[in-house]
Amino acid sequence: MSPKFITRFAPSPTGDLHRGHAFSALNAWRAAKEAGGRFILRMEDIDTTRSRPAYEASIKEDLAWLGLEWDEPVRRQSEHIDDYQAALDKLAAKDLLYRDFRTRKDIAQAAVSAPHGPGDAFEGEALHPNEELRYLEEDRPFAWRLSLEAAGRSIGEAGRLKFIEEGGGPKGQQGRIRVDPRPSGDVVLARKDVGVAYHLAVVVDDALQGVTHVVRGNDLFEATHVQRLLQALLGYPAPAYRHHRLLLGPDSKKLSKRDKAETLKAIRERGVSAEQLKAELGF
Ligand code: GLU
């Protein structure tokens, strides 16, 4: 019998975990325990330029220190490019994608990691076939984008798609949320070089792993609109969402790797016990 409740913690091994990650993992873990369900760990390592095996090892060390357990082997996204390609082919066969040759390096980079915040609302258009052919012959790099216009036409009732929010969005949104992917624009689903981008990988994995509840920070609430749309286009079941609040640093900004938030490792080395940290985080 497959468990009725499967949730996951899906870090990108691009740095060491900090309190915010611990809070997120503990939320997911507790939800699974309370429901008598499963907790899955997944490595979102498609950003090959920044992902490191050493970070994967330290993430596991940190989670074990917190007392969390997960099944091995852990799914590593970089090992499943074929799964993403199959989903991409399915969308392409429905004429929902177009090549974007104008993708700037930084936009392309952002697309492989989760957009923790508002989308870039890019809206482009397919090139004239002759021009496209020329660019392909020149072997120019490109990204595949999902055309929101085509997607809307394809599912017809796009305006009526909903997702269930059992936690809360950044503005306290709860319950049945009407899907509006427009603020994120025509998102990148794959890059020619990597073959996949964040939204597609998450949606495919959540479906393949039978995730029933996505527990994560509310900075990914906007991303959920795009992901629900992709689930509908790919014929996948829709998990329920439990977005949780974000932990803020002393400067009232959310904790982040980029701003060098204190790592769990450093906290541990200061002599703080896992019990103390969990108590501080409300667990
Ligand atoms: N890998 C993403 C991150 O590091 C999380 C993806 C998700 O929970 O959907 O933020």
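We count ligands from 1, going down the list as the structure has it; atoms in each ligand are counted the same way.
Checking Q77 against Y198 by side-chain atom types alone, no donor-acceptor pair falls below 3.5 Å.
Ring geometry, F39 versus F9: the interplanar angle falls under 30°, so the pair is classed parallel (tilted spans 30 to 60°). Under the 30°/60° scheme for interplanar angles, the aromatic rings of F5 and H213 are found to lie parallel.
For atom 4 (O) of ligand 1, the nearest protein heavy atom (residue, atom name, distance) is S12 OG, 3.2 Å. In this structure, atom 8 (O) of ligand 1 lies nearest to the protein heavy atom R8 NH1, 2.8 Å. The single protein non-hydrogen atom nearest to atom 6 (C) of ligand 1 is E44 OE1, 3.2 Å, given as residue, atom name and distance. For atom 9 (O) of ligand 1, the nearest non-hydrogen atom of the protein is R216 NH1, 2.7 Å. Of the protein's heavy atoms, H116 NE2, 2.8 Å lies nearest to atom 10 (O) of ligand 1.
Checking only distances, A10 does come within under 3.5 Å of ligand 1, N or O to N or O.
A donor-acceptor pair is defined here as one N or O able to donate and one able to accept, closer than 3.5 Å; no such pair exists between the side chain of E138 and the backbone of R140. Side chain of Q209 to backbone of D206: no donor-acceptor contact under 3.5 angstrom is found.
For the pair L264 and R19, the tightest heavy-atom approach, listed with the atom from each and the gap, is CD2-N, 3.8 Å.
Heavy-atom contacts of Y198 reach the following atoms of ligand 1: 6 (C), 7 (C), 9 (O) (cutoff under 4.0 Å).
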